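To start, the structure under review is shown below, and the notes come after it.
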Amino acid sequence: MRSIATTLLQLVCLLLSLHRSPCSGAAATASNFSSCLVSNGVSNFSVPTSPGYAGLLHSSIFNLRFTLPNVAGPAAIVLPESRDDLRRAILCARARSLAIRVRSGGHSYEGLSYTTENHVPFVLVDLANLNRVRVEPGSATAWAESGATLGELYYAVGRSSYSLAFPAGSGSTTGLGGHVSGGGFGLLSRKFGLAADNVLDAAVITPDGRVLDRSSMGDDVFWAIRGGGGGSWGVVYAWKLRLVPVPRNVTAFTVGRTGPVELIAGLLHRWQYVGPNLPDEFYLSVYAPTGSTDGNVSISFTGQVLASKDHALSVLSQSFPELGLTERHLSEMSWVESTAKFAGLSTVEDLPNRRRQPKQYSKSKSDYVQAPIWRNDMAEIVRHLSTGPTGSIQLDPYGGAMARVRSAETPFPHRAGNLYSIQYGVSWNRSEVARAEEFIGWLRSFYKFMAPYVSKDPRAAYVNYLDLDLGVNNWTQAAGGSSAQAVARARSSWGEAYFGGNFDRLVRAKTVVDPGNVFNNAQSIPPLNIRAEE
Ligand SMILES: Cc1cc2nc3c(=O)[nH]c(=O)nc-3n(C[C@H](O)[C@H](O)[C@H](O)COP(=O)(O)OP(=O)(O)OC[C@H]3O[C@@H](n4cnc5c(N)ncnc54)[C@H](O)[C@@H]3O)c2cc1C
Ligand SMILES: *[C@@H]1O[C@H](CO)[C@@H](O)[C@H](O)[C@H]1NC(C)=O
Ligand SMILES: *[C@@H]1O[C@H](CO)[C@@H](O)[C@H](O)[C@H]1NC(C)=O
Ligand SMILES: *[C@@H]1O[C@H](CO)[C@@H](O)[C@H](O)[C@H]1NC(C)=O
Ligand SMILES: *[C@@H]1O[C@H](CO)[C@@H](O)[C@H](O)[C@H]1NC(C)=O
Ligand SMILES: *[C@@H]1O[C@H](CO)[C@@H](O)[C@H](O)[C@H]1NC(C)=O
Ligand SMILES: *[C@@H]1O[C@H](CO)[C@@H](O)[C@H](O)[C@H]1NC(C)=O
């Protein structure tokens, strides 16, 4: 019965599609898509009427803003179990003219891995089951499927050797698919660069279902996938990563300081001269939450040093005595233990646990600082911050290896000349959802207030700290199409902010690998030469 009904529906869809009117009913498209999956042997998928659908959809939505009822869900969620499943899922979605969204860790700040613009019907390809990591300690390399999380990668590396590590971000549930695609900054980046700087090879599924490696994808595409942002190039099935050497123990610490605005501004002012100029073995960042208590504000410093406590203490007490670091702040531990600590986990065993994920409603923005902010201005900034709704700024020191990579070597352009990045965020909980616009409004006004102190022309931003306020593509079809105007708009609104002078090379790479713009999202790279969809 069901299959006859399905076939009839498909026939109707087919007839309608001959008249170029959209086949109404996402259900019809989805069932057609489902039958394509089934006939190709892809068995793990879920449609809106399946019992597990909502649970799967929400499983890795990190930003709860995108769980609200105004956000349209996918026509189907597919969980490929193998590279071939992944290829077939892409081909089925294309054959059915469904848009494709690929999700690894689901940490996109703007939900781009599981939403579409203008309610275009789409398939969510969730890589959660493609999470195998194979470490080869002998050659200090690893192949990691891109659905693996950073926690899963760190755990696998830590188990294989205490003297190997991988330089990437600190959230344990962040996915390798999106993270490495956008660069990937972390506590080892001043010593070893970004995650993307340590990619040796990759397997990429193209819009027409081919599998490319480094040599077959060509230089422009291999360059583009290492920092040009996720979702534009095809699906990265797996990354080959270069592992880096670390001492048996590293030194880790967190130091909180509380005091009046002037005192805290003094510490932040001083940090600007220290953090970016320490030896490469040192990472020292600042986290400053909004708000104040009885006139006092609080900040905390996070440090990781690839050396002993004694060495860390002697260098930091000399270069930054105001920090007030003492021996009791410092602990020595293996690198993998430090990744658990900085991810907020109590044990290394929690690193691969995908459910240890504090979800929240949030909005973020980012900036780069290229000249130290004056002390009086810093006090104004701290004062402004102290009046905000729940939120924070995070200052990450650059310099070291970050400054030794040329800006054009990868799409990520924020290299020499950048002292530190700022990540701004506000977050709220369920009971405050009605006030979301007020909180986001505060964030935007703070960002405006910061304009004189940060990079200009363009005002730079980090693509992994995605911010749709910078502008959007606004595609209206499954395969986005494109136009010279779309390229120009993308360049001047967010393209140059994220990629500086690298934007045009990204457009060239996109035009080679995905001229029909199958892999698109609100801030994907548009192709220049337009080939109509067949
Ligand atoms: C808690 C938290 C901590 C973070 N910490 C850091 C940090 O320390 N350093 C840092 O640099 N950034 C950090 N980020 C930002 C993070 O790097 C980005 O949000 C990143 O894009 C997330 O990757 P994902 O796979 O988890 O996200 P997803 O939402 O799954 O994907 C993000 C984008 O990449 C695309 N994509 C996903 N998988 C693939 C794939 N296999 N092939 C092609 N495209 C793909 C998606 O379609 C989407 O456009 C953090 C974010 C969060 C929420
Ligand atoms: C699905 O629909 C398309 C047109 O929309 C049609 O060409 C195709 O035959 C259908 N697939 C199946 C399996 O019926
Ligand atoms: C599909 O994958 C999900 C996520 O890993 C898993 O929970 C589920 O059991 C799988 N379903 C089937 C039928 O294999
Ligand atoms: C403010 O911080 C200072 C330390 O700088 C501390 O001595 C003082 O007690 C704090 N005041 C309040 C009200 O917490
Ligand atoms: C590493 O640190 C741990 C915990 O402090 C300590 O017990 C161990 O002796 C250290 N190992 C080395 C080789 O320094
Ligand atoms: C939500 O946040 C507000 C403000 O921070 C707080 O007062 C309230 O207790 C929180 N509610 C829940 C359910 O966490
Ligand atoms: C996006 O395009 C749709 C359809 O053309 C239009 O209605 C909408 O206003 C556009 N949105 C933006 C932000 O440009």
Side-chain angles (χ1 to χ4, degrees), residues 83 86-87 90-91 93-94 100-102 104 112-113 125 127 130 141 143-147 175-184 193-242 405-413 463-464 473 475 479-482 486-487 490-491 494-496 498-521 523-531 533:
R83 191 185 74 181
L86 173 57
R87 287 181 50 239
I90 299 299
L91 291 173
R94 291 209 61 202
I100 299 166
R101 291 295 180 268
V102 180
S104 289
L112 297 192
S113 51
V125 180
L127 306 183
L130 295 177
T141 59
W143 266 106
E145 287 181 330
S146 71
L176 284 177
H179 184 72
V180 180
S181 294
L194 301 171
D197 297 335
N198 292 281
V199 169
L200 299 170
D201 203 342
V204 175
I205 316 291
T206 64
D208 49 0
R210 285 173 303 139
V211 183
L212 303 179
D213 69 0
R214 177 176 186 161
S215 60
S216 57
M217 77 183 79
D219 290 346
D220 278 356
V221 176
F222 185 63
W223 174 85
I225 61 172
R226 292 172 296 144
S232 287
W233 317 105
V235 187
V236 176
Y237 159 68
W239 302 105
K240 183 181 186 185
L241 307 172
R242 178 198 294 127
V405 177
R406 281 181 308 109
S407 280
E409 201 160 315
T410 72
F412 179 99
V463 67
N464 265 351
N473 285 312
W475 309 119
S482 191
V487 171
R491 181 191 292 111
W494 45 267
E496 284 180 339
Y498 291 151
F499 306 113
N502 294 327
F503 180 77
D504 288 332
R505 186 173 178 195
L506 288 171
V507 172
R508 286 202 297 281
K510 172 72 175 181
T511 308
V512 168
V513 76
D514 184 18
N517 204 7
V518 169
F519 290 99
N520 66 72
N521 63 45
Q523 286 185 341
S524 59
I525 304 291
L528 192 51
N529 104 30
I530 321 310
R531 217 166 54 185
E533 275 289 274

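Not measured: the values here are computed from a predicted model. We number each residue from 1, following the sequence as shown.
For the atom pair Ser524 OG and Asp514 CG, the distance stands at 8.5 Å (nearest 0.5 Å). With rounding to the nearest 0.5 Å, the separation of CG in Asn517 from CG in Asn473 is 7.5 Å.
Among residues at least two apart or in separate chains, salt bridge (charged side-chain N to carboxylate O under 4.0 Å, His left out) pairs with a member in residues 219-239 are Asp220-Arg505. For residues 228-241, the set of pairs meeting the side chain to side chain donor-acceptor pair (under 3.5 Å) definition, not counting sequence neighbours, comprises Glu145-Tyr237.
Legend: residues meeting salt bridge (charged side-chain N to carboxylate O under 4.0 Å, His left out) with Arg508, ordered by chain and number and at least two apart, are absent. Contacts of Asp208 classified as salt bridge (charged side-chain N to carboxylate O under 4.0 Å, His left out), with partners at least two apart in sequence or in another chain: Arg210. Listed by chain and residue number, Arg491 satisfy the salt bridge (charged side-chain N to carboxylate O under 4.0 Å, His left out) test with Asp504 (two or more places apart in sequence, or in another chain). Every residue meeting the ring pair (Phe, Tyr, Trp, His ring centres under 6.0 Å) condition with Phe412, not counting sequence neighbours, appears here in chain and number order: His414, Tyr462.
In this structure, Arg101 and Ser113 have side chains that are not in contact, with every pair of non-hydrogen atoms separated by 4.5 Å or more. Residues Arg94 and Ile100 are in side-chain contact: their nearest non-hydrogen atoms beyond the backbone lie under 4.5 Å apart. At a threshold of 4.5 Å between non-hydrogen side-chain atoms, the residues Ser215 and Phe222 do not count as touching. In this structure, Leu241 and Thr141 have side chains that are not in contact, with every pair of non-hydrogen atoms separated by 4.5 Å or more. Between Val235 and Val125 there is no side-chain heavy-atom pair separated by less than 4.5 Å.
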